[in-house]
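Step one of this worksheet: look at the structure below.
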There are 2 protein chains.
Amino acid sequence: MGKTQNIKLAVDAVVFGYQNNQLYVLLIKQRFGIAKGLWSLPGGFVLNNESLTQAVERELHEEAGIKVNYLEQLYTFGDDVKRDTRNHTVSVAYFALVNPTKWTLKADTDAEDAQWFPITKIPKLAYDHNKIVKVGIERLKGKLTYQPIGFDLLDKEFPFSDLEHLYTTILGKEIDRRNFRKKMLSFDILQETNKMKKVGSGRPAKLFTFNKQKYNALVKDGFHFEIKYV
Amino acid sequence: MGKTQNIKLAVDAVVFGYQNNQLYVLLIKQRFGIAKGLWSLPGGFVLNNESLTQAVERELHEEAGIKVNYLEQLYTFGDDVKRDTRNHTVSVAYFALVNPTKWTLKADTDAEDAQWFPITKIPKLAYDHNKIVKVGIERLKGKLTYQPIGFDLLDKEFPFSDLEHLYTTILGKEIDRRNFRKKMLSFDILQETNKMKKVGSGRPAKLFTFNKQKYNALVKDGFHFEIKYV
DNA sequence: ACAAAAGTGTTCGCTTTACACCCATGT
DNA sequence: ACATGGGTGTAAAGCGAACACTTTTGT
């Protein structure tokens with residue numbers, strides 16, 4: 001095969017968080033290396049004999065001290081051979097969701113700082129990370145309509161309006177509250193608790209939980225989640 | 001980072017072809033290496049300074065002498081560190097469609113043989129390639145319903161029944177011919193030619209072509225292809 | 001009593017679905 | 001004339017979309 005292969009393999013994660021009607025992405029500022037001082041996605045090189053998922057989880061732990069609720073592979077970026085200026089590097093990007101209220105970010109090891117950035121205010125990032133974020137946002141928007149994925153961004157118990165706002169915020173569209181609620185409830189994957197949430201003025205809201213067991217059971221029977229009204 | 005990274009990066013392709021109401025996958029028999037004599041997906045190691053897409057296209061050319069109609073990234077398999085018994089190898093799998101009537105397979109360089117296998121008769125493959133094929137089939141089934149991708153498997157000019165059969169074959173379900181045709185035509189992305197196809201007995205069929213320009217234009221205006229009736 | 005957010009039904013139109021017969025050609 | 005595959009319309013049901021007022025709480 002000629003000269004022995006000299007390609008580095010990295011993982012990067014686009015981690016989304018949601019709070020106060022805003023969507024955030026987790027970014028870290030590198031302490032070392034070529035991207036020193038620049039903001040970038042959490043991630044790094046895969047270790048020998050380490051699986052890709054392990055690598056992502058390790059990096060998220062090392063660089064931000066968090067564990068995510070949801071993780072899936074996003075895309076492998078390797079068509080731009082010069083994405084990392086030093087080496088031919090291929091990066092397997094992951095897509096993750098987390099409820100930021102559950103974790104306090106703590107920059108560790110390689111990271112000088114770790115912070116949530118509203119997706120409307122993302123700075124220029126290292127490497128091709130701005131592109132990766134963009135792909136991540138597209139994925140999030142897409143998935144929201146055909147997979148009940150929004151719950152991984154919310155508290156375990158949430159008022160209906162949180163879900164509503166999550167959809168309007170992320171998809172950037174208004175929705176009809178009545179139709180949305182009707183549809184969501186028709187799936188029968190939300191469980192009403194007998195707790196109430198009171199915030200300031202206004203009528204207190206019932207709290208709901210997402211019944212994942214039930215959802216999985218339904219899926220096995222051919223059920224297909226879909227929210228179009230948005 | 002301790003010991004320097006020693007992970008090999010490969011690409012593999014799940015290439016689908018369709019002919020005589022059957023769905024095929026392209027497999028090759030390796031001439032060299034650990035998988036010698038076993039059937040496997042076309043693919044191989046990425047070269048230094050080569051993009052992933054280039055690598056796939058090169059391998060498809062070298063191993064089977066073909067160019068595909070459609071190519072997209074499928075998934076990166078790297079969670080099973082032992083998938084290749086010798087080394088820690090990560091493989092970026094691609095998904096491709098081709099019209100097999102356009103090409104005569106010719107095994108070249110590294111391949112001892114290259115052949116189309118009906119997806120119902122796929123032998124035990126090298127590495128984790130059976131799993132990759134499975135993921136590819138899922139992707140194909142999914143895409144068929146929300147992207148006009150079936151045309152890449154057919155001749156440029158095709159009778160409506162070919163399209164119909166393609167859907168029933170791949171999705172493994174019966175469809176209502178009238179509804180299917182009505183829906184397809186309603187999208188206004190098929191163009192009627194004034195040619196006819198006569199095969200044996202039966203009424204001759206009009207030939208259609210897929211108008212990709214028109215489709216792309218419609219997509220820009222927010223059009224969304226979807227075939228549910230299947 | 002007023003402001004703020006939660007909760008709730010109905011009607012209209014379009015899309016999906018189900019369904020069966022005639023047409024053009026070859027043998 | 002019969003076998004083979006191509007081509008076509010209509011009615012009923014279900015789903016999506018549009019729409020506004022009442023309830024419960026805080027101030």
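Lettering of chains follows the sequences in order, A, B, ..., and the numbering in each one begins at 1. These figures come from a predicted structure and were not determined experimentally.
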Please collect all salt bridge (charged side-chain N to carboxylate O under 4.0 Å, His left out) contacts where either partner lies in [range], sequence neighbours excluded, each pair once.
range: residues 136-154 of chain B; value: Glu72(B)-Arg139(B), Glu72(B)-Lys143(B)
range: residues 213-227 of chain B; value: Asp188(B)-Lys214(B)
range: residues 15-26 of chain B; value: none

State whether Lys183(B) places a side-chain N or O below 4.0 Å from either non-bridging phosphate oxygen (OP1 or OP2) of dT16(C). yes
Quick one, give me the B/S/- string for nucleotides 18-27 of chain D, reading 5' to 3', where B means a protein heavy atom under 4.0 Å from the base and S means that only happens at the primed atoms, P, OP1 or OP2. BBB--BBBS-
Let me have DNA chain D in dot-bracket notation, would you? Count Watson-Crick plus G-U wobble pairs, both distances under 3.5 Å, and use [ ] for pairs crossing earlier ones and | for inter-strand partners. |||||.|||||||||.|||||||||||
Tell me whether the rings of Phe223(A) and Phe187(A) are parallel (<30°), tilted (30 to 60°) or perpendicular (>60°). perpendicular
With no hydrogens and no angle check, just 3.5 Å: does a side-chain donor-acceptor pair link Thr169(B) and Asn21(B)?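 No, Asn21(B) and Thr169(B) have no side-chain donor paired with an acceptor closer than 3.5 Å.
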Have Asp155(A) and Asn99(A) got a donor and an acceptor in their side chains that come within less than 3.5 Å?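 Distance-only check passes for Asp155(A) and Asn99(A).
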With sequence neighbours excluded, residues passing salt bridge (charged side-chain N to carboxylate O under 4.0 Å, His left out) with Arg58(A):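 With neighbours one apart ignored, the set is Glu50(A), Glu62(A).
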Lys206(A) NZ - dT8(C) C1' separation (whole Å):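 Between C1' of dT8(C) and NZ of Lys206(A): 10 Å.
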When you compare dT8(D) with dG26(C), how far apart are their C1' atoms, in angstrom units rounded to a whole number? 22 Å
Between dA18(C) and dG6(D), how far apart are the P atoms? Round to whole Å, please. 22 Å
So, does Tyr167(B) use its side chain to make a donor-acceptor pair with the main chain of Leu144(B) at under 3.5 Å? yes
